[in-house]
**Q** 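Let me begin by handing over the structure; questions about it come next.
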Protein chains: 2
Amino acid sequence: MIKADERREEIADYVIKLGQVRIDDLVEHFGVSRMTIHRHIDRLAQQGVLRKLHGAVTVQPSGLYESAFRYRVTVNRAEKDALARTALDYIEAGQVVMLDDSSTANAVATLLLDVKPLTVITNSVATAALLTHVDELDFICLGGQYHNTYNAYIGIVCENAVAQLRANVLICSASAIIGTTAFIQDPNVVRVKQAMMAASVKRILLIDHAKFDRIALHVFDDLTSFDVVLATEGLGDARAQALERAGVKLRIVKTKAP
Amino acid sequence: MIKADERREEIADYVIKLGQVRIDDLVEHFGVSRMTIHRHIDRLAQQGVLRKLHGAVTVQPSGLYESAFRYRVTVNRAEKDALARTALDYIEAGQVVMLDDSSTANAVATLLLDVKPLTVITNSVATAALLTHVDELDFICLGGQYHNTYNAYIGIVCENAVAQLRANVLICSASAIIGTTAFIQDPNVVRVKQAMMAASVKRILLIDHAKFDRIALHVFDDLTSFDVVLATEGLGDARAQALERAGVKLRIVKTKAP
DNA sequence: TACTAGCATGTTAAGTTAACGTCAATACGT
DNA sequence: ACGTATTGACGTTAACTTAACATGCTAGTA
């Protein structure tokens, strides 16, 4: 329920404020069982917000602000799952699918095992780990310089690798949406994503509503460049109508059952 | 000790034979403490040979253990370690090191953490897993088509990625040695390795004695093309002298203490 | 209203890990 | 040679984590 998400935010804030906290302190501070704390921090750790130690948790070593920023974006697992499930509508067996390094695309990867046979291309280490050792699935990893923050391969080697390939469908995400433009934090990531755009026939952008009202530095592309933009219903009717008026091929995804 | 490696091989064989074994069964079967079994299987799991479940271990979900990378790691482990330790003589901090997809090069990777800072390039998934998340280490993964048998990325994408890079040192191995020529089983792997040769200033070949008296289909390169050929003493004096007469820069590595 | 499904949570038993101590083999300086 | 670190394997225990099952709450539905 919503209360669980709030509790997770409280826990994340608490840990981020103190830097490192023993699990028993969390148990005492929040007045719930040790098991429940474990379940919460497991999920936060899976989202990359916290890191479990053995009896304690710390914030991920990538700067407090960014961690605090990141966990709010990734909290909504239900939204990502709903987006991922809808994205499957645009993927058919036998196609070549390219996935970027976003956690949303990673969620799509978990569902792709039901659409085999398939060729999948990605620069995400997390997604690569999911797709190795899978039968009936041709997997191509985009190499490049490993970047810890994104847990992905980027850089010129990656861009050139993308340029050699062609995909039927690209599934990607962005850091922020301002007006009808998608933005990304890192210029090197932008170049990789733009190369992916150029190498794909159909382009699908997945955005949860937390991507609005945020700021990122570098322009990725205009929303009208995508064949489909999947957004969760949280973005609001006004904004949805504005985007459609601007020519964006928007499709709203309901988080709950249809 | 050597005994520990043998014990790990015994455990691996036992688990591979039965498919899945409970940890307590291993404790009883080998007559050591539960903790020791844990330590053994942790290492095997890290090598990708086994997978820990929770109270049990299984073999990795991939059909071909004999020829697969995972099993090769445990074969001739003492020899590979000796070769790897000697190979460190040719690597200095700050250099760019390229490693192929051989298990021997993987053994070198485990030792590289002591030579930081370093830039490491590889197409091996096992080696990549070792080198991600390491501070002071610039890691570049060579992408390409994932190949289950080698647990590595190969193909034209990989070859082109290699061609964009330059390394100070290449550490590689071969499937077989016949006369003064190194052979490889798979033509696609040959092309990647040849690209690696062209992209490296100093080339080092690591071969354990099991590589002699074997047959592989495709020519990799002549042994005289390497700046150093490290071989274990098992290859025999006669063969060593013949190679040196042919101009091979051979260095014999002792497995045991002198 | 009653029924059902889906979560969040608690409880307990089984399993795992960290930390420390012992022992043997190896390296090193004198 | 000799004693002295050093290293790695192994065991023991206490702390910690996980899986599995049970309970209760909430929302949607007949």
Side-chain angles (χ1 to χ4, degrees), chain A residues 1-12 14-15 20-47 49-58 75-82 85 233 254-258, chain B residues 1-12 15 20-47 50-58 74 77-82 84-86 88-89 107 110-111 113-114 253-258:
Chain A
M1 297 278 94
I2 293 171
K3 205 163 134 265
D5 278 335
E6 289 171 4
R7 170 52 48 87
R8 275 191 285 277
E9 285 209 27
E10 284 176 33
I11 292 175
Y14 189 71
V15 176
Q20 176 161 339
V21 186
R22 291 204 59 81
I23 287 184
D24 282 346
D25 291 345
L26 291 173
V27 171
E28 195 185 347
H29 186 264
F30 290 100
V32 293
S33 76
R34 181 177 284 105
M35 194 63 232
T36 298
I37 290 293
H38 270 295
R39 279 190 269 248
H40 283 314
I41 62 180
D42 280 350
R43 210 140 132 185
L44 288 166
Q46 198 206 352
Q47 291 167 2
V49 182
L50 305 178
R51 175 183 292 253
K52 285 185 80 167
L53 293 184
H54 193 87
V57 284
T58 61
V75 154
N76 246 324
R77 189 197 177 99
E79 288 202 345
K80 283 192 201 308
D81 284 351
R85 229 171 295 117
E233 45 192 346
K254 292 199 194 307
T255 307
K256 298 292 252 180
Chain B
M1 309 255 70
I2 292 170
K3 205 163 132 262
D5 279 333
E6 289 171 2
R7 170 53 48 84
R8 273 191 285 277
E9 285 208 28
E10 282 177 34
I11 292 175
V15 176
Q20 175 162 340
V21 186
R22 293 205 56 84
I23 287 184
D24 282 345
D25 291 347
L26 291 173
V27 171
E28 195 185 345
H29 185 266
F30 290 101
V32 293
S33 76
R34 180 177 285 105
M35 195 62 231
T36 298
I37 291 293
H38 271 293
R39 280 191 269 247
H40 282 316
I41 62 181
D42 280 350
R43 206 139 134 191
L44 288 166
Q46 200 208 349
Q47 291 169 1
L50 305 178
R51 176 183 293 252
K52 284 185 81 166
L53 293 182
H54 191 89
V57 283
T58 61
T74 54
R77 167 140 192 158
E79 290 202 345
K80 285 188 207 304
D81 283 351
R85 230 170 296 118
T86 307
L88 285 187
D89 292 349
T110 63
L111 305 176
L113 305 183
D114 300 326
V253 176
K254 294 198 194 307
T255 307
K256 300 287 270 182

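From a predicted model like this one, the values you see are computed outputs, not experimental measurements.
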**Q** Reckon A/His40 has a side-chain N or O less than 4.0 Å from the OP1 or OP2 of C/dT9?
**A**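 Affirmative; the distance criterion is met.
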**Q** So does A/Thr36 get a side-chain nitrogen or oxygen closer than 4.0 Å to the phosphate oxygens (OP1/OP2) of C/dT9?
**A**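 For C/dT9, neither OP1 nor OP2 has a side-chain N or O of A/Thr36 closer than 4.0 Å.
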**Q** Does the side chain of A/Ile41 come within less than 4.5 Å of A/Leu26's, by heavy atoms?
**A**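 A/Leu26 vs A/Ile41: side chains touch.
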**Q** If I take atom CZ in residue B/Phe30 and atom C1' in nucleotide D/dA9, what distance separates them, rounded to the nearest angstrom?
**A**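 Checked: the CZ to C1' distance equals 16 Å.
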**Q** To the nearest angstrom, how far is A/Ile11 atom CD1 from C/dA8 atom C1'?
**A**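 Interatomic distance, CD1 of A/Ile11 to C1' of C/dA8: 12 Å.
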**Q** Heavy-atom count check: over 12 atoms from other residues, nucleotides or ligands less than 6.0 Å from A/Glu28 CD?
**A**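 No, CD of A/Glu28 has 12 or fewer neighbouring heavy atoms, counting only those of other groups under 6.0 Å.
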**Q** On DNA chain D, does the nearest nucleotide to A/His38 precede the nearest nucleotide to B/Ser33 from the 5' side, or the other way round? Give the residue.
**A**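 Checking each residue's closest nucleotide, the 5'-ward one belongs to B/Ser33.
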**Q** Between D/dT17 and B/Lys52, is there an OP1 or OP2 to side-chain N/O distance shorter than 4.0 Å?
**A**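 The answer is no; no side-chain N or O of B/Lys52 sits under 4.0 Å from OP1 or OP2.
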**Q** Please determine whether side-chain contact (heavy atoms from CB on, under 4.5 Å) holds for the pair B/Val57 and B/Ile11, giving the CA-CA distance in whole Å, both sets of side-chain angles, and the decisive distance to 0.1 Å.
**A** CA-CA 10 Å; B/Val57 283; B/Ile11 292 175; over 6 Å; no
**Q** Output the rounded distance in Å from CZ (B/Arg8) to C1' (D/dA9).
**A**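 Value for this atom pair: 10 Å.
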**Q** For D/dC16, does either OP1 or OP2 sit under 4.0 Å from a side-chain N or O belonging to A/Arg22?
**A**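 Answer yes for this pair, as a side-chain N or O of A/Arg22 is under 4.0 Å from OP1 or OP2.
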**Q** Send over the distance from A/Arg39 CZ to C/dC7 P, rounded to a whole Å.
**A**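 In whole Å, C/dC7 P and A/Arg39 CZ are 14 Å from each other.
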**Q** Where each residue is assigned the nucleotide of DNA chain C containing its nearest heavy atom, which of B/Asp24 and B/Met35 is assigned the position nearer the 5′ end?
**A**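 The 5'-side residue here is B/Asp24.
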**Q** Return the value, rounded to whole Å, for the distance between atom CD1 of B/Ile41 and atom P of D/dC10.
**A**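 Rounding to the nearest Å, CD1 of B/Ile41 and P of D/dC10 are 14 Å apart.
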**Q** How many whole angstroms separate atom CD1 of B/Ile37 from atom P of C/dG15?
**A**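 So the two atoms are 15 Å apart, to the nearest Å.
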**Q** Would you kindly give the CZ-to-P distance between A/Arg7 and C/dT9, to the nearest whole Å?
**A**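 About 7 Å, once rounded to whole Å.
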**Q** With heavy-atom distances below 4.5 Å as the criterion, would you say the side chains of B/Arg7 and B/Thr36 are in contact?
**A**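 No, side chains not in contact.
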**Q** For C/dT9, does either OP1 or OP2 sit under 4.0 Å from a side-chain N or O belonging to A/Arg34?
**A**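 Answer no for this pair, as no side-chain N or O of A/Arg34 is under 4.0 Å from OP1 or OP2.
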**Q** Nearest heavy-atom pair of A/Ala56 and A/Gln20: which atoms, and what distance?
**A**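 Closest heavy-atom pair between A/Ala56 and A/Gln20: CB-NE2, 4.1 Å.
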**Q** Between atom NE2 in A/His54 and atom C1' in D/dT18, what is the gap in whole Å?
**A**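 Those two atoms, NE2 and C1', are 12 Å apart.
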